Every structure is written in C-alpha cells, then in structure tokens.
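Everything numeric in this text was worked out from a predicted model, so none of it was measured. Start at 1 and go down the list; that is how both ligands and their atoms are numbered. This chain uses plain numbering: 1 for the first residue, then up along the sequence.
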Amino acid sequence: MKIHLIAGARPNFMKIAPLWHSMKECDALRPVIVHTGQHYSSSMSDSIFADLRLPAPDFYLGVGGGSHGEQTGRIMIAYDKICQDDNPDLVLVVGDVNSTLAAAFVGKKLGKPIIHLEAGLRSFDMRMPEEVNRVAVDAISDLLLTPSSDADENLMRAGIDRERIVRVGNIMIDSFEMLRERIEKTNTFQKVGLASKEYAVLTLHRPSNVDDPVVLERVVDAILKLSTLLPICFPVHPRTSIALKKIGATLQLKDAGVRLIDPLGYVEFMSLISSARYVITDSGGIQEETTYIGVPCLTLRESTERPITVSQGTNKLVSLDNVFMAASDIAKKENQTKKSDIDLWDGNAASRVVSAILNNYVS
Ligand code: UD1
C-alpha cells in the first residue's frame, strides 16, 4: 500500500520521521513523503530532515507563507494534482497545522482514507488556528490515532465511533529515543557560552503572543525581567523575528544579555532544553518534550491541548502577570528534574501506528 505522509511545518517532521523509518521496514507499506513547503528555511526544514535521517521528500510543493486562506488554498491546489497523479492508497496527516488541514480535505474529496496521527487533542479555544484545524481534520478522518486517553475522550464526546480510534502513544518520543545518544553527546549550551542547568530556554511564536505589537511589548518587558533570574537562550522563530524587528526590540533584548539565536536543528535543540534549568514556551510539542525529559516548563498560554503535561508532567500554564513569580520559584531550586511515566510515551508509537494500519487496511 502506498501511503502519503504529509509534512509541512517544523513540528510535523519529528512526527513523520519515526513513521517513515518504521514503514520502510514493513513489506506491505510504501511511505511517500509529501512536503508542502509551509516551512522552507533551511533552519526550519532541511536541517531537521537531516537530523531525523529523512531522505529528500518525494514531492515538494513549495507553497511558502501567506495568510491562512492563501496558504491553505495553495497547498490544496498543489496537493490535489499530486494526489491524483500519484494515486496513494492512504493519506496520513499529522498534528494540526495548515498543511494537515489542506491535505486531509483534498485526500478525502478524492476518496482516499484519511489517517490522522495526534488526533483528539483540544484546547477548546477556537481563536487558535490549530484548534480549527484539529476539529475539522478529526471530523473527516477515517482512522484516528491518539497520544493519550484525554484525546480518546474528546473524540468520543464529539460522536466519533470508538472503533475508529486507536491509542498509539506519543510519536515525538520515538524521535527523541531514536536520537537520544546523539542528543546526549551534543552539548549545545557550550556553543552558546552557557553552563549546564544555569540557564533558561525561551521559544515563542503563537500569534496570540507575537502578532499584536502591544502584547509583544509586554512580552519583551517580561523577558527583560526574567533575564535577571538566569541567562536566557532564545532561538527565534522566523515569525517572531519579523515581529521583534518591527517593534525595534531585538537590540534591547541583546543588550540585556538575552542570547538570541537562529532556530536550531532537532538534535541541537533537544540538547539545549535537556540541560536547561527550565523552559518558557508557547509551543505545543515542547510542552510534551519537557514533560518526557523531566525539565520544568512554563507555558505562556491561556489553554493547552495537552493537559496531560500539566496533570502528569512538568508543565504549568502561566500568564504575563505571573510568569516571573513562577520562574523565580524554579530558578531558586537547583534540581527540579522530574521524570514522567505516561502510558505509551515510550518510543514505540510508530510500530503501533504500523500495526493499526495493517489491521485496518491490509487484510
Ligand atoms: C506554524 C503552525 C503552528 C506551528 C508552527 C511551528 C499553522 C496554522 N501554524 O506556525 O501550529 O506550531 O508552524 O513552527 O499551520 N517563515 C519563514 N521560514 C520558514 C517558515 C516560516 O521565514 O521556514 C515565516 C513565514 O513566511 C511567515 C512566518 O514565518 O511569515 C510564519 O510562518 P507560518 O507557516 O505561517 O506559521 P507559523 O507561525 O510557523
């Protein structure tokens, strides 16, 4: 069976890599990588592909950025042609980005079975573009592969048939385990002139934190205050870089000693957060990765679609008003590492995905 693995944005690559490697070992399945080009910079795409030992994509759609409508529309037009010409048996989409939505819609309209990996996550905040994507993709998917029990419950509450839901665990942990040895040998903190456990890592890219200049000014003030606790290393996402330049804050942060660096590859980034005292982020995936490696995480958001990272992990939701207090508490204590033990976050999710596909589509 030929399976299109759809990937477009950085967080998708860590999810398709373990699948591609597992499917390559399985005689019954032929994985084909379709990269939409939603993320196109070398630091956001090529270097991550290389780290994850992925080959060049079989199809590259080169759609680039733009408004949500433009970007989603361009992916749909480009993928429609590929999907018709290459005629896969199955279309597998991951996560919640615009590429996930666009490819799922195209595949479904062409009569292809749609498999959604990381189905069922919900922030219940429809102002987030990703929440719209999650709800829409789950509604049209044929096989829904979930990371945790809260996701199963969300899907059943939405009326999705139990038979179509398979809990496979967290696929991102597979990528971490696949590269653990290299991650442990890569001391990224040294390259940025920091000492192990004596710094914090910051990442920000959510529209709710960076798009409105007034909010971003407040975020910058909070970072300046946080930098008095421990040095901060801040790999800057392209969206955030543009927004910071617009309000003229880049120099101000640098002057305060904040290490502003380009986005890192997967191995270097996982190494950086593994040796951090704590992480401040608004990313979805990093909430899970810090939970798995046991590093305290403060999530600068009102909601999370990954509540298990709060109830069973190291994650805490914070606002601009209380982030300093929460960070001060962590900065005071030297060893805050707390290992989590969440069911099926074990590095074997990809093989469970392969089994679910074989059970459902290969007789
Ligand atoms: C997207 C996803 C988000 C995910 C994030 C991870 C959606 C709705 N959002 O948001 O869920 O957490 O990726 O990074 O799909 N840009 C570059 N180079 C790149 C990629 C982007 O310069 O390689 C620029 C774009 O041109 C644009 C901005 O960064 O100006 C934002 O990119 P976009 O793909 O629209 O959304 P993200 O904020 O990255």
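The side chain to side chain donor-acceptor pair (under 3.5 Å) check on Asp85 picks up Lys81, with sequence neighbours excluded. By the salt bridge (Lys or Arg N to Asp or Glu O under 4.0 Å) test, Asp211 pairs with Arg239, sequence neighbours left out. Qualifying side-chain contact (heavy atoms from CB on, under 4.5 Å) partners for Ser271, counting only residues two or more places apart in sequence or in other chains: Ile183, Thr186, Thr188.
Aromatic pair His35/Phe49: ring centres closer than 6.0 Å.
Around the NZ atom of Lys245, the shell of radius 6.0 Å holds no more than 12 heavy atoms that belong to other residues, nucleotides or ligands.
The CG atom of Asp343 sits 12.0 Å away from the CG atom of Asn170 when rounded to the nearest 0.5 Å.
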Need the list: ligand 1 N/O atoms against protein N/O atoms, distance under 3.5 Å, rounded to one decimal.
from     : atom 1 : to     : atom 2 : distance (Å)
ligand 1 : 9 (N)  : Glu130 : OE2    : 3.4
ligand 1 : 11 (O) : Glu130 : OE2    : 2.6
ligand 1 : 12 (O) : His205 : NE2    : 2.8
ligand 1 : 13 (O) : His39  : NE2    : 3.3
ligand 1 : 14 (O) : His237 : NE2    : 2.9
ligand 1 : 15 (O) : Gln38  : NE2    : 2.8
ligand 1 : 15 (O) : Asn98  : N      : 2.8
ligand 1 : 18 (N) : Ser41  : OG     : 2.7
ligand 1 : 22 (O) : Tyr40  : OH     : 3.1
ligand 1 : 23 (O) : Tyr40  : N      : 2.9
ligand 1 : 23 (O) : Ser41  : N      : 2.8
ligand 1 : 23 (O) : Ser41  : OG     : 3.2
ligand 1 : 26 (O) : Tyr40  : OH     : 2.7
ligand 1 : 34 (O) : Gln38  : NE2    : 3.3
ligand 1 : 34 (O) : His39  : NE2    : 3.3
ligand 1 : 38 (O) : Arg239 : NH1    : 3.0
ligand 1 : 39 (O) : His39  : NE2    : 2.7
ligand 1 : 39 (O) : His237 : NE2    : 3.0

